[in-house]
Structure formats: C-alpha cells, structure tokens
Amino acid sequence: MSLEDELLKQRLTRIHEIEALGHRPYGRRFEFSHTIPDILAAYSSKTAEELSPEMRVRIAGRLMTLRHMGKAGFAHLQQSGERLQIYVKKDIVGEPAFQLFKLLDIGDIIGVEGYLFRTRTGELSVHVETVEFLSKTLLSMPEKWHGLEDVEIRYRQRYLDLIANPEVRKVFVTRARIIASLRRQLEARGFIEVETPMMQPLYGGATARPFVTHHNTLDMDLYLRIAPELYLKRLIVGGLERVYEINRNFRNEGLSTHHNPEFTMLEFYQAYTDYRGLMDFSAELLEQAARDATGSAEVEYEGYKLDFSRIERYTMREAIIRFWEGEGCPTMDQVSSPEWLLSHSGKSNPGEALADIFERRVEEKLIQPAMIYDYPVETSPLSKNKPEDPAFVDRFEIYAAGMEIGNAYTELNDPQEQRRRFEMQLAMRERGDEEAHQMDEDYVRALSYGMPPTGGEGIGIDRLTMILTGSRSIRDVILFPLLRPEGPIGLAKQLRELDKL
RNA sequence: GGGCCGGUAGCUCAGGUGGUAGAGCAUGUGCCUUUUAAGCACAGGGUCGCGGGUUCGAAUCCCGCCCGGCUCACCA
C-alpha cells in the first residue's frame, strides 16, 4: 500500500475512534468567546502575573503543530492566519479528552476552552480544560517550516496555500481593502455601482480578441465582454451621470505574469468632466487606495520606492524624449514629425507609429507612478479629439512599475464622429486587424440622443493590487488563476475503496 | 508559439562522469506532565512526470510527449 493510501486509511480509522469517544468527526456549531486574533491583540502585552485562571477563553482553529509529551502536550491552533498555543494536560482534561487529544492530526479543526497563561518560556497559551472535535483532516498538511512552495499546487489548491502561507492571505486581504477603498471613494463622490452585461452580442470598448459562447434557446453566439465601456456610456446617456462597475473582463489572449484571461477592472464614468478632471481625480483615488491598502502613499515594489502622492504627468511625446535611452534621442520637432515617426516604426501611420515607439522605448521605464497624456487618434476610437489638434485625443494612461494600470479619456460624444471612427476601425478590420472595433450601431444611436460631455476611466485592479502588495505575478493576486486542467486526482476512488473496509 | 529552467516519499529537497533510490519534516510503535524546527529509540513509506530508444544495466544518456515556472513575442 502506498503511503498516501496508508495515511488515508489511518485517518479514516481515527474517525471511528473519535466517534467511539463520543465526538462527532464533523462537528456542528461552536460558540467561541474570542477569535485567535482577538486574543493575541488583547493579551500579547500581558505578563504572566497579569494573566489568571479567570481569563477564560473558548476558541476554535486548525491544528498546525503538535508536540506530545507523554501525559501532556502542546499544539498551535491557527485562525485567520494567526496562531495561539494550547497546553493539554491529562490531569486537567481527564482521561477521555486526553485520549481524543492523542488522536488528533495536524490539520484537524478543534475547539477548546480553558484559561490564558504564559509557559515557562513565556509564550501566551491556553491551559485547556475541555476539547471539542470539529472537523477531521484526511490528507496531510504541507510541511511545517517550508510551507507549501510548489507553485502549481499553490495555484490549483489555493486553500492549502492560504493555510500554509500567511503572507498569501495578507495579499488577498489587501486586495479586498483596495477594492473597498475605491468603492468608498467613488460612493463618497456620488457614483453609483452598476452591473452591465458580461455576455454581449457585440464586443467593444477595447482592442482584444474575445471568448465566444453560445445561448441555446436563442441559438445565438455571444461574446464574453472585453470591456463594459459602451454599456456604461449608454447609462450616462440615460442620466446616470456618475456610474462605476468593478467586475471581470475576458480577453482571449496570451497568459503571462501580467495577463490573466479574466481580470478585474474598475471602470467609472463622470458626466460634465473631461480627462483633465479625471487626472486630478485619479491622483487622489490612487494615493488614497495606496494609503488604505498599505498605510502609506509610498510603496516598495521590486526594490523601487513608488510614491503615489506625487504622480508625474507627461505628454506621450514628452515621455519619449524624457525616457529615451541610448543614441538618437529625438527632439520635440522630430516626435511631432510624421516622417521621423514612420522611419522609427513599422506602423503605417504616424499616430500608430508614435504609440508603438512609446510602448517599445518608454513603457517599461515608467517605474514611478505617471500619467501619460495626449494619445494619437488612430489608437483611440472612443476618445474625443483635442480641439487644437484633431490628430490627438484627450486621453491618458496611468503607469507604475513599468505596467499600464489605467486608461482614461474624454469620451467622444459626437455621433457623427463616432460613426466615422467605427468606419475607420472597420477599414482596419478589412485590412486584417482582427482586434479593430466592430460597428456598434445601437451605441451610435444612444449617442444620437445626446450624451453629456463625459470623462471615463478604467483601472486594472489586479495590476494595482500587484503593485500595492509587492507581487511579481498576476497569479499571486488572483485566487484561482487560469491553469491547464489537472490530470486525474484519484481521491474519489481511494475514498470509495476505503469506505468498504 | 520561441528560448531557458524544473518535475525524485504526503511536504521541502539531495542524488559529479550509468552500477541495489537518500535526508529532514510528516506517518506508525514505545518512553517522556511547561514544549516550541521538543527530544530519544525503532519501523513503514517510491511506476524517480509519461512513452519510446541506447545499454548487460537508466532517476542519470538520447528522442518524443505532458505539466509547471521564468522570459521574448501579443496584450491590459
């Protein structure tokens, strides 16, 4: 018999032994007096003399360490990522409870009642008087001091990762704080949260390849959305003048440390402002999110100190000049010259060439949080032209740690111009650009009813979370990142066979 | 998709140039009533990712495949 079968069998046997002692192997409700974090917060500073048997506690948690010493023993219970030691002595708990204690495996969930004291070595502990069994583990916990390091198992069995690696738990707590902070700030400014379709008959609002699915009764193909943008702006037309959505987008493209096929975006739209207004708002939003998540506007990422209280601003052309490395740094006249741009990029028009040069030469160097503004019209089918230069649009992107984390613009609200932009995209599509926008005629119709001047923005929650938690891979901030399917697990068969015994 | 690295006990990892598969933790048994990487003694546990090939002999060399990580390309 393999070790795995043997361990499973041992533990299934223990279930019967636990039952024989009058306990449920899978318990029910347990009324606790404190959580383990509560106790650590309240009593960590108390000396041995300040603790007394009157300080009774009733706690539950998962057993993470176990040290038997004949007629006594120590263990650590873990709850919410924090641990508290318990001390179980036969004289105190009595024979039956001590028998139960001897049957415990690391990973079991139990409840205990007793009083707080400090051991000879000074560790705050619970002097246990009663033990209640709450849930049996059948499988072994990860190794006790290396934790769980196999990256694949960490992602596939995130529950184990969360048990074994407290810092992983912290990342997801911080992620929740970031989202809560953004919601709070938006709500405080009168934005309302909405939900728009994830399954869309036409996809748009970004350039990306979509996932396709099918509705049987309607017998129609639907796309998983690549962005909620066009729906959110329909709501602006409808008079919901400040809306936001925090939800998933789906893009059928490569996977990498910075890309997961489903990812979370905040998109918000505010009537009667423009991209300048959004730049100011974004600066506040990000600084506050950083403070709420980490306690400071300065965060460390990959050895760099990023300061979200001083977000830099450059036009795209300024950024190319400022961050150019090596020979041939262009002048402002050059980056404004179609000939120079086309000679430095394989793209077919000056606008796309400018964006291409920026992406290749500048993007990864934008370590300090920065907003890059004034984008070429060719790369921005939904943004409003700059009145003084129609080749450019009122748009900015937010960068930090070399990653794009946000994108915003003054929304195009002229239906004729929007129609022309869609037609321009259709032409690109016919030339083979699969990612070019489709014509969304209902969206043009919505604009034709009149959309107030509006600023709109999207912020990538996963990437922002990476930066604010110091995570180098997007998979470290997504609880269940997409992986190839696992091979057969075989546990059901093992359990079925052991069930007969 | 390309390049590089990896897959050995439940977990974390060793295993120059081919020669009977190892350690620590975990597990089982015994001892141990303030230990904490508890300790001591003994024991069990492996399709060395999968499939071919070379060889008297392969965890080790060769080929193919699967899975994962990093990286480049595409993208947010």
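Every chain is numbered from 1, with letters handed out A, B, ... down the list of sequences.
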Regarding [X], tell me which of base, sugar-phosphate or nothing describes its non-hydrogen contacts under 4.0 Å with the strands shown.
X: A:Gly458; result: nothing
X: A:Thr207; result: sugar-phosphate
X: A:Lys89; result: base
X: A:Arg475; result: sugar-phosphate
X: A:Arg209; result: nothing
X: A:Arg484; result: sugar-phosphate
X: A:Asp150; result: sugar-phosphate
X: A:Arg156; result: sugar-phosphate
X: A:Glu123; result: base
X: A:Asn260; result: base

> Between atom CG in A:Asn252 and atom P in B:A76, what is the gap in whole Å?
Replying inline: 14 Å
>> Using whole Å, what does the distance between atom C1' of nucleotide B:A76 and atom CD of A:Glu253 come to?
In response: 9 Å
Whole-Å [atom1] distance, [N] and [M]:
N: B:U17; M: B:U12; atom1: P; result: 25 Å
N: B:U27; M: B:G18; atom1: C1'; result: 34 Å
N: B:U60; M: B:U54; atom1: P; result: 15 Å
N: B:C66; M: B:A23; atom1: C1'; result: 29 Å
N: B:G15; M: B:C42; atom1: C1'; result: 26 Å
N: B:C61; M: B:G16; atom1: P; result: 9 Å

> Judged by modelled atom types alone, do A:Glu123 and A:His76 share a side-chain donor-acceptor pair under 3.5 Å?
Replying inline: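 Their side chains do contain a donor-acceptor pair, which is all the 3.5 Å distance test asks for.
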>> Side chains of A:Thr47 and A:Glu50 only: does a donor on one sit below 3.5 Å from an acceptor on the other?
In response: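 Yes, side-chain donor-acceptor contact under 3.5 Å.
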> Any stems for RNA chain B, made of 3 or more Watson-Crick or G-U pairs in a row, each with both distances under 3.5 Å?
Replying inline: B:1-7 with B:66-72, B:10-13 with B:22-25, B:27-31 with B:39-43, B:49-53 with B:61-65
>> Check for me whether A:Arg395 meets the cation-pi criterion with A:Tyr375, that is, NZ or CZ under 6.0 Å from the six-membered ring centre and within 45 degrees of the ring axis.
In response: yes
> Is the charged tip of A:Arg317 near the ring of A:Phe392: under 6.0 Å from the six-membered ring centre and within 45° of its axis?
Replying inline: yes
>> Would A:Asp476 and A:Arg472 count as a salt bridge (charged side-chain N to carboxylate O under 4.0 Å, His left out) here? Give the steps.
In response: CA-CA 7 Å; A:Asp476 292 326; A:Arg472 56 169 47 219; over 6 Å; no
When only distance counts, do a donor and an acceptor, one from the side chain of [X] and one from the base of [N], lie under 3.5 Å apart?
X: A:Gln85; N: B:U35; answer: yes
X: A:Arg120; N: B:U34; answer: no
X: A:Glu143; N: B:G24; answer: yes

>> Taking 4.0 Å as the cut-off, does a side-chain nitrogen or oxygen of A:Thr257 come that near to OP1 or OP2 on B:U71?
In response: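 So the side-chain polar atoms of A:Thr257 do come within 4.0 Å of the phosphate oxygens OP1 or OP2 of B:U71, strictly under.
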> So which one's nearest nucleotide on RNA chain B is more toward 5', A:Arg67 or A:Ile405?
Replying inline: A:Arg67
> For A:Gly406 and A:Leu104, take the nucleotide of RNA chain B holding the closest heavy atom to each; which residue's nucleotide lies nearer the 5' end?
Replying inline: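 Comparing both residues, the 5'-ward one is A:Leu104.
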>> Check the orientation of A:Phe396 and A:Tyr275. Use parallel for under 30°, tilted for 30 to 60°, and perpendicular for over 60°.
In response: tilted
> In terms of ring plane angle, is the pair A:Phe101 and A:His68 parallel, tilted or perpendicular, where the classes change at 30° and 60°?
Replying inline: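 Answer is perpendicular, since the angle exceeds 60°.
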> A:Asp462 and salt bridge (Lys or Arg N to Asp or Glu O under 4.0 Å): which partner among A:Arg475, A:Arg175, A:Arg248?
Replying inline: A:Arg175
